[in-house]
**Q** 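Below is a structure I'd like to ask you about.
Just so it is clear, the values below take in all heavy atoms, side chains as well, and ignore hydrogens, waters and symmetry mates. Throughout, protein chains are lettered first and strands after them, A, B, ... in sequence-line order, and every chain is numbered starting at 1.
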Amino acid sequence: MSEPDKGTNGSILAVSDIHTYYGDSHILQGVSLEVRRGECTALLGRNGAGKTTTLRSIVGLTPARSGRIVFANQDISGWTTHRIVRLGLGYVPENRGIFSNLTVREHLMVAVWASGVSSQRLDQVLAIFPRISERMDNLGQQLSGGEQQMLSIARALLGEPDLLVLDEPSEGLAPIIVNEVSDTLARIKETGTSILLVEQNAEMALSLADSVTILSQGRVQFSGTPKELEEAPRISEAYLGVSV
Amino acid sequence: MTQQLQINNVTKRFGGLRIIEGFDLELQAGARHAIIGPNGAGKTTLFNMISGWLVPTSGNISIDGKNIAGMSPEKVTEAGLARSFQKNTLFEGLSVLESLRLSIQARSRARFNFLAAASSFKDIIEQACIAAEKMNLQDVLDRQVKTLSYGQKRQLEVAMALACSPKILLLDEPAAGTSPAERTLLMQLLNELPKEMTLLLVEHDMDVVFGVCSQITVLNYGRAVVTGTPEEIRQNEDVRAAYLGKSLDQDGGRHE
Amino acid sequence: MSFFLFNLLNGLQLSMLLFLMAIGLTVIFGLMDILNLAHGAFYMVGAYFGYVLYQLTGSFWFALAFGPLLPMLLGFILQLFVLQPLIDRGRSAHLDMALLTFGILFFIIGLIDLIFFETFGLTFISIEKPDLLRGAIYVGTFYPAYRLLIIALGLIVGLLVWVLLDRTVIGAVVRAGVDDREMVRAMGIDIYKVFALVFALGCGLAGLAGVVAGAELSIDVNMGVQILIPTLVVVILGGLGSVKGCFIGALIVGMADTMTQAYLPALSMFTTYIFLAVMLMVRPQGFFGRAPKVL
Amino acid sequence: QEKVVKIGLLTDFSGVFAQLAKDIEDAWMLAYDERGGMIAGHKIEIIREDAENSPQVAVQKANKLIKSDGVAVFGGLISSGGGIALAGLADQEKVPFVAGFAVADELTGKYCSPYVARTSFAANALQSAAGAYWASEGAKTAVFMGPDYAAGHAMRDGFRRGFEGGGGEVVLEIMTPLGSTRDWGPSLLRAQQSNAEMIYSFYAGSEAVQVVKQHSDFAMKQSMPLRGDMWLYDEALWSAMGGAQLDAVQITVYTNALETEASERFKEAFKKKYDRLPVASNAMGYTNANAIFDALAVAIEENNGELPEDGAKIITALSNLELDDPRGPVRFNASNNAVQDELYMIRIVEGPEGLHHELIAHTPYGEDLPGCDM
Amino acid sequence: MAEVQQADPQTSAVAMAADRAESRTFWIVAVPGLAVLTIAPLLSGAYFVALLTEILIFAILTSGLNLLVGYTGLVSLGHAAFLGVGAYVTAIISLLWGYPVWLAMIAAVAAGLVISCLIGVLSVRTRGVQFLLITLAFGQLFHAVAEKSRYTGGDDGMTRIPRINLEFIGLDSSDAQVFYFFVLACFVVALFFLRIVVRSPFGRVLIGIRENEKRVQAVGYRISPYKSLAFAFSGMLAGLSGSLWVQHTYFINPHLMTWQMSGEALLMVIIGGSQAFFGPLLGSAFYVLLKSYLSTITDAYLVIFGLMFVFVVAFFNGGIAGFTSSMAARVLAFWRRR
Ligand SMILES: Nc1ncnc2c1ncn2[C@@H]1O[C@H](COP(=O)(O)OP(=O)(O)OP(=O)(O)O)[C@@H](O)[C@H]1O
Ligand SMILES: Nc1ncnc2c1ncn2[C@@H]1O[C@H](COP(=O)(O)OP(=O)(O)OP(=O)(O)O)[C@@H](O)[C@H]1O
Ligand SMILES: [Mg+2]
Ligand SMILES: [Mg+2]
């Protein structure tokens with residue numbers, strides 16, 4: 001359905017020059033980035049660089065104090081979170097956002113209720129993570145770390161969002177599942193979903209990304225394609241601590 | 001000669017669900033051992049039993065020949081075992097320094113002292129600083145834990161376990177959430193641990209596992225499938241199929 | 001024999017009155033994690049508003065049906081415009097909320113006192129029972145009809161709330177919202193509205209209890225504070241957030257109260273608290289509460 | 001320059017006694033008006049404070065009255081615990097305290113003091129009179145029902161003394177937890193099982209409402225009437241009792257059905273000022289205010305027109321008063337406790353203007369428990 | 001296994017600075033505060049002195065309670081029981097048995113310690129609301145016993161309880177100012193004791209328990225002795241407070257032991273700020289002064305009182321103390337920037 005967008009495409013998400021604070025500390029000092037329709041943008045950086053804060057600003061959980069965020073052709077600066085999300089956004093937060101006192105089934109029920117999708121969709125998503133289906137009646141707090149992560153991803157996929165915002169989705173997953181996730185993301189990108197991906201697993205991130213933004217200390221240090229990044233090893237050495 | 005850590009035929013059930021089934025493991029002092037396995041295999045559950053947070057349904061766990069199964073966590077820690085948590089379990093409202101001080105103070109005789117100022121125990125402060133430096137946390141020493149980024153919290157999680165200076169150290173996914181740069185630092189640190197300290201590691205990052213440990217046990221559905229050297233594990237077809245997947249095809253991965 | 005049956009009914013009646021009161025608190029406290037000490041105030045508001053409606057219309061049934069609306073509305077406003085914004089500003093500490101709602105309890109008591117006592121000179125009032133329910137009905141023994149209404153009402157309301165919270169997704173959404181409010185918002189749910197509605201429901205139930213009690217007991221400015229502790233005891237005994245637990249808790253407190261008064265009166269001052277202390281030492285999470293997180 | 005005498009009206013304006021406190025205040029203001037706000041050349045200044053039915057607060061407010069306002073005397077208090085607390089404080093601070101309603105026997109017994117007096121009555125005296133009355137009416141068996149705390153015990157002991165002294169027997173005592181009893185069903189049933197001829201009961205406020213209503217709900221009015229005192233059937237509770245109080249008989253220290261000269265005067269004056277008839281607690285407040293004012297007048301006159309230094313003089317003067325009170329002649333015994341000639345038995349009946357009291361008998365005042373040596 | 005390593009001097013400097021800053025703020029508040037508490041009663045009337053006395057007595061109770069609430073994270077709704085224990089022990093020993101008051105005071109403090117230790121051991125198995133309720137239950141049981149006890153006058157209570165005899169230093173404790181300074185001395189001792197406790201390694205563990213009980217266990221502390229002892233210390237101070245209270249009012253009855261009293265103590269702690277050492281003192285002062293003032297000027301004081309709480313919670317993060325210190329920090333920051 002979103003095929004015609006591709007190519008012609010503007011961006012689905014454009015963040016320009018946002019400044020975000022936690023209390024008095026000025027964390028994001030003018031961050032700009034873009035996710036083009038049907039593409040994947042990877043946001044990389046060392047611990048404490050401001051990646052999560054950027055995502056939280058976009059989703060409206062820690063609103064930026066200044067700057068502009070345009071999502072799906074709407075200026076969403078200052079919007080409440082649930083309104084933003086209803087525009088077609090799926091979010092996998094850093095801490096996984098699992099509800100400790102809900103069973104897996106209830107998690108999925110709530111997600112279905114919130115996004116109004118059919119239960120058929122549920123089966124499709126569960127097929128990606130068979131492990132989850134084995135744990136339907138466990139409480140969130142009884143899941144293993146990796147199972148929580150899978151549930152969090154599944155939940156975001158469930159709503160068929162136009163933009164997936166993922167904060168370290170591979171964290172705590174077994175290598176084989178990381179591959180699975182990576183493949184899944186590649187597949188849904190094919191169907192036109194756009195992705196904003198924060199990852200410490202640079203390998204996975206770069207294999208998926210169409211463009212890369214690197215943050216350090218709340219500022220953008222690099223913005224370009226994965227290929228350009230590979231050709232500039234000094235940048236990745238300096239801001240990621242590895243050469244890619 | 002008795003092993004430092006002995007786990008014999010340990011089983012754990014939750015209701016009807018068998019999570020760990022007849023698990024055995026023996027570690028000598030100074031061992032570097034990893035447990036890997038798919039998500040939900042029971043690694044964390046195993047850690048919880050060893051460290052006193054869960055009581056095994058059956059089986060024995062002993063440290064230096066002393067049975068610790070069913071002991072409370074603090075007693076196990078007193079017996080010389082420390083662990084980090086997969087899910088951050090930190091003093092969110094305290095500073096990094098305070099957190100580390102508490103870890104170190106736990107082994108000091110001062111811990112029940114209510115008449116002397118904590119600030120007069122300079123050695124504890126000094127050691128807290130050292131512990132922070134080891135994990136590259138010195139710059140955020142006086143920050144409240146809740147203002148740290150996720151990766152920084154993960155580092156503190158490990159630092160606090162290390163600060164207990166245990167005989168046996170259990171780390172549950174210490175590298176998760178840390179950036180490649182910090183990960184290199186972590187590996188370095190683990191490789192420089194005191195010789196006599198025993199390390200039991202759960203980790204999904206194979207670079208760390210292969211780079212630090214000399215023996216690896218693979219756990220699947222609560223059972224130990226194989227135990228072997230990194231090389232053996234890497235070559236094992238079953239392990240590849242069930243756990244490693246294709247990414248290790250080109251030997252060791254690309255980033256290091 | 002009929003002495004026992006009588007007391008059984010008495011115990012049931014008291015239990016259901018407590019249950020009506022406690023169910024709102026367990027919903028608000030257990031699900032939304034707000035220790036709403038103003039609950040007693042909503043109970044009062046229900047009773048007083050019911051009284052006013054009764055005076056205006058002369059109909060008990062009208063008062064019963066519409067009396068709970070005012071506490072409901074007030075609860076909605078309180079949650080949406082006072083509590084929630086504060087929680088969002090990071091003031092979710094239980095104690096803060098307890099203090100704030102306690103302040104509201106004071107405020108409402110003061111206000112009611114000002115209106116009804118200082119202005120109209122009314123200290124003790126009550127709603128008249130409808131003629132239909134004035135007599136006694138034969139249920140193995142003659143028993144006051146109004147008390148039978150209380151029993152029936154408790155059972156019906158309990159069932160409805162149980163269905164709403166345990167059998168629909170609403171309960172799960174609310175619990176999810178308490179575990180991680182941000183995540184629920186990030187799923188596109190306007191959790192504030194859900195919270196406010198559930199809060200209003202809880203307050204409405206307190207108001208309903210107020211109207212019912214306004215005919216059986218009496219309406220005065222101390223009623224709100226007096227009911228608070230027994231209600232809290234019921235909620236904790238049953239286990240937070242569980243409608244079933246709340247039912248059991250109410251039965252325990254109501255029956256214990258009645259039976260000791262009937263058979264062991266010397267102890268009746270102590271029973272509830274002895275029960276509570278023992279229970280909490282043996283099973284801190286209450287009958288139907290989930291065990292506290294181990295890991 | 002005008003001379004002023006400051007008097008504290010310290011009573012329980014909030015809490016369960018709010019209505020009684022207001023009644024007392026109204027009566028004080030009437031007495032004040034009747035004297036034109038002056039006694040013995042001094043302008044009266046009344047400072048009112050709320051003791052909130054809490055002894056802690058009573059002490060704090062008394063401290064304020066004594067130390068900040070400098071009152072010559074203070075009175076009014078209703079709650080027994082508060083009364084005892086103030087008795088101790090008055091004794092320590094040497095500022096006279098005249099209790100207006102506090103009924104604990106100890107107030108003018110164990111804790112009596114040259115700085116403490118009471119213008120109402122002691123619990124035991126009132127209830128023993130009630131007991132004696134019912135025994136004399138031929139009742140042989142009774143159940144006593146009341147709240148399980150000091151005042152309840154005092155009332156019970158008094159009733160027992162009178163009733164059993166007159167040949168009756170209290171076959172069952174039911175003491176219910178104060179403030180935490182939520183249903184009287186079980187207790188009423190126990191009473192019913194005892195097959196006694198009557199229940200005699202002391203309750204106040206919402207507890208009284210509930211007991212009376214539930215007693216009627218259980219259809220016990222005919223088989224085992226509920227009798228009590230002016231607290232149980234207080235007029236302020238009538239609107240909440242929904243008719244259950246009709247025909248009930250009670251003892252009281254004052255009723256507006258009393259048609260003595262002093263009572264008529266009081267009723268008229270009160271009606272003129274407040275446009276309603278006074279109730280027992282108004283009368284109690286009236287005695288309290290008049291006793292204080294009169295005593296002050298005497299003490300000031302004896303001290304050559306000046307307020308005496310020693311507050312005990314005021315209490316001495318008070319103790320020597322003989323009041324022509326609406327309640328009937330009121331005197332004071334050796335422990336500074338008020339004693340009146342007789343008490344009144346009344347029934348609640350329905351008239352053209354609604355429910356009112358009907359005076360059915362006069363009965364002798366009960367004897368106070370032994371006082372103390374000061 | 002000895003660590004031979006040395007920390008970077010710069011790191012240690014940061015570490016030491018944190019401790020020093022904490023201690024500096026304490027003295028910046030404590031010295032002028034004590035000066036005010038010493039001078040104020042000399043300049044004011046007898047009634048105000050009585051109010052100040054009351055404030056300090058409550059502050060002993062609430063500061064002790066805060067060791068539980070603010071430091072250990074345990075909210076007790078039964079502390080009035082220990083207040084009552086201290087008060088009744090004092091009254092019984094001095095009034096009924098006729099022993100000297102100083103002896104009764106020592107006994108009261110000891111009784112507070114021992115009894116709260118027992119209750120503490122039973123209660124600390126729970127936490128959160130359950131802890132709140134179990135302490136409430138114990139508190140109510142004590143209250144019921146006091147109500148029932150005819151020996152101590154039941155609900156009527158006892159009056160004319162003597163004050164401590166200070167004649168050996170030539171003072172008369174029935175004098176309001178003299179008694180005030182005696183209470184002030186007790187207060188200073190009590191707060192000094194608390195200060196030592198909260199700064200000690202023991203106190204640090206309590207804070208750790210508040211932040212994350214599980215981690216405290218994981219690093220090797222047994223938590224229940226810590227919690228029980230914290231409970232006992234706070235009960236001990238409640239006992240002292242109760243003992244002073246009966247001397248102040250000459251009176252005791254079970255009203256002092258109701259849950260409402262426990263609730264008031266909690267209110268004072270939270271209004272003042274449970275995260276600050278002097279928060280409870282501020283809270284007590286605010287509560288006592290506001291209440292006595294408001295109830296004197298208006299009948300509708302409950303309305304205003306209630307609104308006041310709402311206001312404090314809504315706008316003063318961390319109570320009065322928290323608000324003051326964040327204002328101070330802001331002013332300081334502003335001043336530095338200029
Ligand atoms: N609640 C907070 N209050 C104050 N500072 C915060 C808060 N959360 C994060 N920070 C700070 O903001 C900076 C950016 O944090 P952020 O979480 O965005 O980093 P990140 O890039 O996601 O790091 P990581 O890879 O470790 O998750 C860090 O220095 C962190 O310490
Ligand atoms: N309290 C519990 N009740 C029921 N099942 C539980 C409970 N705790 C854990 N489990 C289940 O036990 C299994 C093992 O969990 P565990 O956390 O040990 O896995 P893990 O090997 O650490 O996985 P991961 O790598 O994802 O962290 C999981 O499937 C989990 O759902
Ligand atoms: Mg992050
Ligand atoms: Mg795990």
**Q** Hey, does the side chain of E/Tyr221 reach the backbone of B/Ala106 with a donor-acceptor pair shorter than 3.5 angstrom?
**A**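 The answer is yes, because a donor-acceptor pair under 3.5 Å joins these two groups.
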**Q** Starting at OG1 of B/Thr44, measure out to CD1 of B/Ile19 and round the result to the nearest 0.5 Å.
**A** 11.5 Å
**Q** Side chain, backbone, both or neither: which part of B/Ala116 has an atom under 4.5 Å from a heavy atom of chain E?
**A** backbone
**Q** Testing the 3.5 Å rule here: is there a donor-acceptor pair between the side chains of B/Arg83 and B/Asn48?
**A**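 Their side chains do contain a donor-acceptor pair, which is all the 3.5 Å distance test asks for.
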**Q** With a 4.5 angstrom heavy-atom cut-off, is it the side chain or the backbone of B/Leu94 that approaches chain E, or both, or neither?
**A**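 For B/Leu94, heavy atoms of backbone and side chain both lie under 4.5 Å from chain E.
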**Q** Name the region of E/Val216, side chain, backbone, both or neither, that has any atom closer than 4.5 Å to a heavy atom of chain B.
**A**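 The answer is both parts of E/Val216.
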**Q** Please classify the contact of B/Leu97 with chain E as side chain, backbone, both or neither, using a heavy-atom distance under 4.5 Å.
**A** side chain
**Q** With a 4.5 Å cut-off on heavy-atom pairs, point out which of B/Gln105, B/Glu98, B/Lys75 contacts chain E the most.
**A** B/Gln105
**Q** Heavy atoms only, distances under 4.5 angstrom: which of B/Thr77, B/Thr89, B/Asp142, B/Asp139 has the most pairs with chain E? Name it, please.
**A** B/Thr89
**Q** For the CG atom of E/Asn66 and the CG atom of E/Leu281, what is their distance to the nearest 0.5 Å?
**A**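 Output value for this atom pair is 11.5 Å.
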**Q** Among B/Lys122, B/Glu133, B/Met160, which residue forms the greatest number of heavy-atom pairs with chain E at distances under 4.5 Å?
**A**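 Looking at each option in turn, the highest pair count goes to B/Glu133.
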**Q** Heavy-atom cut-off 4.5 Å, strictly under: side chain, backbone, both or neither for B/Ile125 against chain E?
**A** side chain
**Q** Is there a ring pair (Phe, Tyr, Trp, His ring centres under 6.0 Å) between E/Phe315 and E/Phe323? Walk through the geometry before answering.
**A** CA-CA 8 Å; E/Phe315 298 105; E/Phe323 180 74; 9.2 Å; no
**Q** Would B/Phe112 and E/Tyr226 count as a close aromatic pair, with their ring centres under 6.0 Å?
**A**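 Yes, the ring centres sit under 6.0 Å apart.
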**Q** Can the positive tip of E/Arg195 be found less than 6.0 Å from the middle of the six-membered ring of E/Phe26, inside 45° of the ring normal?
**A**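 The answer is yes, since E/Arg195 meets both limits relative to E/Phe26.
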**Q** Out of B/Val76, B/Ile124, B/Leu90, B/Leu102, return the one with the most heavy atom pairs under 4.5 angstrom to chain E.
**A** B/Leu102
**Q** Looking at E/Arg215, E/Arg199, E/Glu22, E/Glu211, which has the largest count of heavy-atom pairs under 4.5 Å with chain B?
**A**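 Highest number of pairs under 4.5 Å: E/Arg215.
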**Q** Heavy-atom distances under 4.5 Å only: say whether B/Ser119 touches chain E with side chain, backbone, both or neither.
**A**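 Contact with chain E: backbone and side chain both.
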**Q** In terms of heavy-atom pairs under 4.5 Å with chain B, which of E/Ser12, E/Ala18, E/Ala17, E/Gly203 leads?
**A** E/Ser12
**Q** Identify which part of B/Ala79 has an atom lying under 4.5 Å from any heavy atom of chain E, answering side chain, backbone, both or neither.
**A**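 Contact with chain E involves no heavy atom of B/Ala79 at all.
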**Q** At what distance, to the nearest 0.5 angstrom, does OG of B/Ser95 lie from CZ of B/Arg101?
**A**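 One finds 8.0 Å between OG of B/Ser95 and CZ of B/Arg101.
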**Q** Tell me, please, whether E/Phe231 has E/Lys227 positioned over its six-membered ring: NZ or CZ under 6.0 Å from the ring centre and within 45 degrees of its axis?
**A** no
**Q** Would you mind checking which part of E/Asp19 comes under 4.5 Å of any heavy atom in chain B, side chain (CB onward), backbone (N, CA, C, O), both or neither?
**A** side chain
